[in-house]
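The chains referred to below are lettered A, B, ... by the order of the sequence lines, with proteins before strands, and numbering in each begins at 1.
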There are 2 protein chains.
Amino acid sequence: MKMKTLKYSRQRESIIEYLKDRTDHPTAEQVYQNVRIEYPNISLGTVYRNLGLLSDMGRVLKISCGDMAEHFDPNTHEHYHFICTDCNSVHDLEMESIDFINTLASKSFSGEIQGHTTYFYGKCKDCK
Amino acid sequence: MKMKTLKYSRQRESIIEYLKDRTDHPTAEQVYQNVRIEYPNISLGTVYRNLGLLSDMGRVLKISCGDMAEHFDPNTHEHYHFICTDCNSVHDLEMESIDFINTLASKSFSGEIQGHTTYFYGKCKDCK
DNA sequence: CTGCATGCAAATCTTTTGCATAAGA
DNA sequence: TCTTATGCAAAAGATTTGCATGCAG
């Protein structure tokens, strides 16, 4: 993977700033709508380009929860996600690590297992 | 959920037949291209409509592996998936159940956890 | 200056839908 | 005959890309 030198950009900075303390896993569209308040001329393309960069750099997580759009999570330390099957909201789950399931999986696979992604699902407290 | 009566259709049958012994988790487009050999006039819309039905009926699994398109799996008995981070292929992982992680997750969540989806990732045997 | 980043729009891709017609039951 | 299914094409939603211009280093 080629790592090109990044230059500062106020737009990227604003995206990072917006994401920083979110725990609601916004989509690119939501990021766009919010960063737009500060930079009315920013374009959706720029938002996508930067979210892609940040995700490649490992500064944000991409979450594919099957609801068509990608969601983004600024929390990159180990944690899991819960997805409500009613309202499609995505919640953080700060639980003990279950990385040992990689070992369990290794026993049944000839490739090389490097990690896993687990999404828990059910009804969130507002929907049950 | 309203269950309307299904009528037989040769197109749907052909889709089911095609999917039946696949283990390579094809996308809607791939299903389309193949069913087209037998039914040249089938439309992509019909393929999507039927895959949606089958998925709602629980006869196939929808797999969102973050590569833009949904993949479909005719194997509905409990198993897991491995996604190659190099070639994006999806492999079945017939391993012992790890449903007990639902209980682990419950301890850290106030909603109601009904299940989980786990994708393991790494490099498959052809890519390592 | 030089090259990465942006804005804008057009282009892609995937999936959904409306509607007139065909085909099961 | 009644209702669901299909084909086709248009629409919709998400993401990418080409290009001329702007801005950081």
Residue [X], side-chain heavy atoms: nucleotide from [options] that is nearest:
{"X": "A:Ala28", "options": "C:dG3, D:dT15, C:dT15", "answer": "D:dT15"}
{"X": "B:Gln11", "options": "C:dG24, C:dG7, D:dT6", "answer": "D:dT6"}
{"X": "A:Met68", "options": "C:dA5, C:dT15, D:dT15", "answer": "C:dT15"}
{"X": "A:Lys7", "options": "C:dG3, D:dA5, C:dG7", "answer": "C:dG3"}
{"X": "B:Glu70", "options": "C:dC8, D:dT15, C:dT15", "answer": "C:dT15"}

Side-chain donor-acceptor pair present, B:Asn75, B:Glu94, cut-off under 3.5 Å
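Yes, side-chain donor-acceptor contact under 3.5 Å.
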Short side-chain donor-acceptor distance under 3.5 Å, B:Glu70 and B:Ser64
yes
Phosphate-side-chain proximity, [X] and [N], N/O vs OP1/OP2 below 4.0 Å:
{"X": "A:Thr46", "N": "C:dG7", "result": "yes"}
{"X": "A:Arg12", "N": "C:dC4", "result": "no"}
{"X": "A:Tyr48", "N": "D:dT15", "result": "yes"}
{"X": "A:Ser9", "N": "C:dT6", "result": "yes"}
{"X": "A:Asn50", "N": "C:dT6", "result": "yes"}

Measure the distance from [atom1] on [X] to [atom2] on [N] and round it to the nearest whole Å.
{"X": "B:Phe72", "N": "C:dT14", "atom1": "CZ", "atom2": "P", "answer": "12 Å"}
{"X": "A:Tyr39", "N": "D:dG22", "atom1": "OH", "atom2": "C1'", "answer": "15 Å"}
{"X": "A:Arg36", "N": "C:dG7", "atom1": "CZ", "atom2": "C1'", "answer": "12 Å"}
{"X": "A:Ile42", "N": "C:dA9", "atom1": "CD1", "atom2": "C1'", "answer": "17 Å"}
{"X": "B:Leu51", "N": "C:dT14", "atom1": "CG", "atom2": "P", "answer": "14 Å"}
{"X": "B:Ile63", "N": "C:dT15", "atom1": "CD1", "atom2": "C1'", "answer": "18 Å"}
{"X": "B:Leu53", "N": "D:dT4", "atom1": "CG", "atom2": "P", "answer": "12 Å"}
{"X": "A:Gln30", "N": "D:dG13", "atom1": "CD", "atom2": "P", "answer": "15 Å"}

Quick one: on DNA chain D, does B:Pro40 or A:Arg10 contact a more 5' nucleotide (nearest heavy atom)?
B:Pro40
Quick one: NZ on B:Lys107 to CG on B:Asn102, what's the gap to the nearest 0.5 Å?
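CG of B:Asn102 is found 12.0 Å from NZ of B:Lys107.
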What is the nucleic acid contact for [X], judged by heavy atoms within less than 4.0 Å: base, sugar-phosphate only, or nothing?
{"X": "B:Leu44", "answer": "base"}
{"X": "B:Glu29", "answer": "nothing"}
{"X": "B:Tyr8", "answer": "sugar-phosphate"}

Common cluster, B:Leu104/A:Ile83, ILVMFWY with side-chain heavy-atom separation under 4.5 Å:
no
Can you find a donor-acceptor pair, distance only, under 3.5 Å between B:Arg49 side chain and D:dG7 base?
yes
If you look at every heavy atom in B:Tyr80 and B:Asp99, which pair is closest and at what distance?
OH-OD1, 3.8 Å
Flag the pair A:His91 / A:His25 as yes when their ring centroid distance falls below 6.0 Å, and as no otherwise.
no
